[in-house]
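The structure appears below as structure tokens.
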Amino acid sequence: MRDNPFENEKSIHTDFVENMTYGDYLQLDYLLDSQKRLSNHHDEMLFIIIHQVSELWLRLIIHETKGAIEAIEQDNLRASFKMLARVSKIQSQIIHAWDVLATLTPAEYMEFRDKLGNASGFQSYQYRLVEFVLGYKTPHILKIYKKEPELYAILEDAYCKPGLYDVAIRALSRHGFAIDQAVLDRDFSKTYEKNASVEKAWMDVYRNVSVYWELYELAEKLVDIEDWFQQWRFRHMKTVERIIGHKTGTGGSSGVGYLKQVLNHYFFPELWELRSKL
Ligand code: HEM
């Protein structure tokens, strides 16, 4: 006879007339009612869920990165490490999501692709928020959200604020490294461009690891995040190639060609360049 694990558990709660359930707390009725297929195709469910799961993780990435920015600004680097490490773990999760999506064949996707119209991940405002908090500010993106003032305001705010790398550079300056004033006072609505004083400061950190252990750890956490970000971009590009080949995207870009080009961008350029010079 098989054991019934519930038999000996006399205290399991079953009366929820008054009390909050798991589903209430997580608003599962709302969450699980949000997978509205536009076709009858079986695989459209996978397509919707993979995007929704990615968006949920992006939400946490933004939350953790903003927390890390605040902690770095308060010189609480150890607290920021915890949050930045969590960001990397999430990135590893969403990279594995490509394995699930890669089970979608080109023939299957073609059966419901036209239902998407011009909708594309290109319009993911959370993805752009991640890029903004990491310091990559692309002006043409804001235009997409002109018709949604609340969203526009959130994006514009992140667009104009210092990103993660800016606050790391400010931390270098507070630790006595000579950083050009033009970098510290830069217009944060512009994408960060590499600078010799910043590279020199990081070089000093990497050459004197035991003296600047916390700044060194911060730098390596940033490299982790950029490394994972690039892996996500690469897996996206390859999965797209596998599913639609070199067709143009629903968002209107050249598709794989565009996604390959985005791979050339660096968030934290000096941290990569110094590796050739150490
Ligand atoms: C069958 C699956 C997918 C295909 C064929 C696909 C295709 C594309 C294409 C062609 C682009 C370039 C813009 C365009 O013209 O549309 C793009 C951009 C993008 N996609 Fe996907 N995608 C897929 C799945 C996903 C998933 C699961 C996510 C997760 C959120 C995602 C997020 C994005 C993002 C954020 C961009 C903008 C990238 C950038 O501008 O750097 N995509 N996608």
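Note that ligands are numbered from 1 as they come in the structure, with each ligand's atoms numbered from 1 the same way. Nothing fancy with the numbering, it's 1 onward along the sequence. The figures here come from the full heavy-atom set of this structure, side chains too, leaving out hydrogens, waters and symmetry mates.
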What atoms of ligand 1 come closer than 4.0 angstrom to any heavy atom of Arg128?
37 (C), 39 (C), 40 (O), 41 (O)
Heavy-atom donor-acceptor pair, Gln91 side chain to Ile225 backbone, under 3.5 Å
yes
Heavy-atom count check: over 12 atoms from other residues, nucleotides or ligands less than 6.0 Å from Arg37 CZ?
yes
Is it the case that the ring center of Tyr145 lies less than 6.0 angstrom away from the ring center of Tyr152?
no
Return a yes/no value for Ser120: is any of its N or O atoms, backbone included, closer than 3.5 angstrom to an N or O of ligand 1?
yes
Measuring from Met45:CE to Ser39:OG, what's the distance to the nearest 0.5 Å?
10.5 Å
Counterpart residues, side-chain contact (heavy atoms from CB on, under 4.5 Å), relative to Asp187 (two or more places apart):
Ser189, Lys190
Between Leu101 and ligand 1, find which residue part has any heavy-atom pair under 4.0 Å and reply side chain, backbone, both or neither.
side chain
Heavy-atom nearest neighbour in the protein, as seen from atom 9 (C) of ligand 1, with distance rounded to 0.1 Å:
Leu259 CD1, 4.1 Å
Looking only at protein heavy atoms, what sits closest to atom 25 (C) of ligand 1 is His51 NE2, 3.2 Å
Tell me whether the centres of the aromatic rings in Trp202 and Phe268 are closer together than 6.0 Å.
no
Short N or O distance, Ser54 and ligand 1, threshold 3.5 Å exclusive
no
Compute the shortest N/O to N/O distance between Leu104 and ligand 1 and return yes if it is under 3.5 Å, no if not.
no
Among all protein heavy atoms, pick the one closest to atom 38 (C) of ligand 1 and tell me residue, atom and distance.
Tyr127 CE2, 3.9 Å
For atom 40 (O) of ligand 1, the closest protein heavy atom turns out to be Tyr258 OH, 2.4 Å
Could you list the atoms of ligand 1 found under 4.0 angstrom from a heavy atom of Gly255?
10 (C)
Find the distance between NZ (Lys36) and CD1 (Ile48) and round it off to the nearest 0.5 Å.
9.5 Å
Step by step, work out the side chain to side chain contact (heavy atoms under 4.5 Å, CB included) result for Phe229 and Ile61.
CA-CA 11 Å; Phe229 203 101; Ile61 289 179; over 6 Å; no
Under a heavy-atom criterion of less than 4.0 Å, does Met237 contact ligand 1?
no
Looking at ligand 1, is there an atom of it that comes within less than 4.0 Å of some heavy atom belonging to Trp57?
no
When you look for heavy atoms under 4.0 Å from ligand 1, do you find them on the side chain of Trp232, its backbone, both, or neither?
side chain
In terms of residue, atom name and distance, what is the protein heavy atom nearest to atom 33 (C) of ligand 1?
Gly121 CA, 3.5 Å
Ligand-residue contact atoms, ligand 1 with Gly249, heavy atoms, under 4.0 Å
10 (C), 14 (C), 15 (O), 16 (O)
Nearest non-hydrogen protein atom, atom 1 (C) of ligand 1:
Phe47 CE1, 3.5 Å
Closest protein heavy atom to atom 13 (C) of ligand 1, given as residue, atom name and distance to 0.1 Å
Ser253 OG, 3.3 Å
Working to the nearest 0.5 Å, report the span between CG of Leu84 and CD of Glu220.
12.5 Å
Tell me the nearest of Val240, Val256, Ile50, Ile243 to atom 3 (C) of ligand 1, using heavy-atom distances.
Val240
May I ask you to list the atoms of ligand 1 that are less than 4.0 angstrom from any heavy atom of Val262?
41 (O)
Interfacing atoms of ligand 1 (cut-off 4.0 Å, heavy-atom, Gly252)
15 (O)
Scan the side chains in residues 236-247 for donor-acceptor partners under 3.5 Å anywhere in the protein, sequence neighbours excluded, and list what turns up.
residue: Lys238; atom: NZ; partner: Glu241; partner atom: OE1; Å: 2.9
residue: Thr239; atom: OG1; partner: Arg235; partner atom: O; Å: 2.5
residue: Glu241; atom: OE2; partner: His246; partner atom: NE2; Å: 3.4

Measure the CD-NZ distance between Glu270 and Lys277 for me, rounded to the nearest 0.5 Å.
9.0 Å
If you take the centroid of each ring, where Trp contributes its six-membered ring, are Tyr109 and Phe47 closer together than 6.0 Å?
yes
Cation-pi check for Tyr136 against Arg128: NZ or CZ below 6.0 Å from the six-membered ring centre and within 45 degrees of the axis, yes or no?
no
Protein contact of atom 18 (C) of ligand 1 - nearest heavy atom, named by residue and atom, plus distance
His236 CE1, 3.5 Å
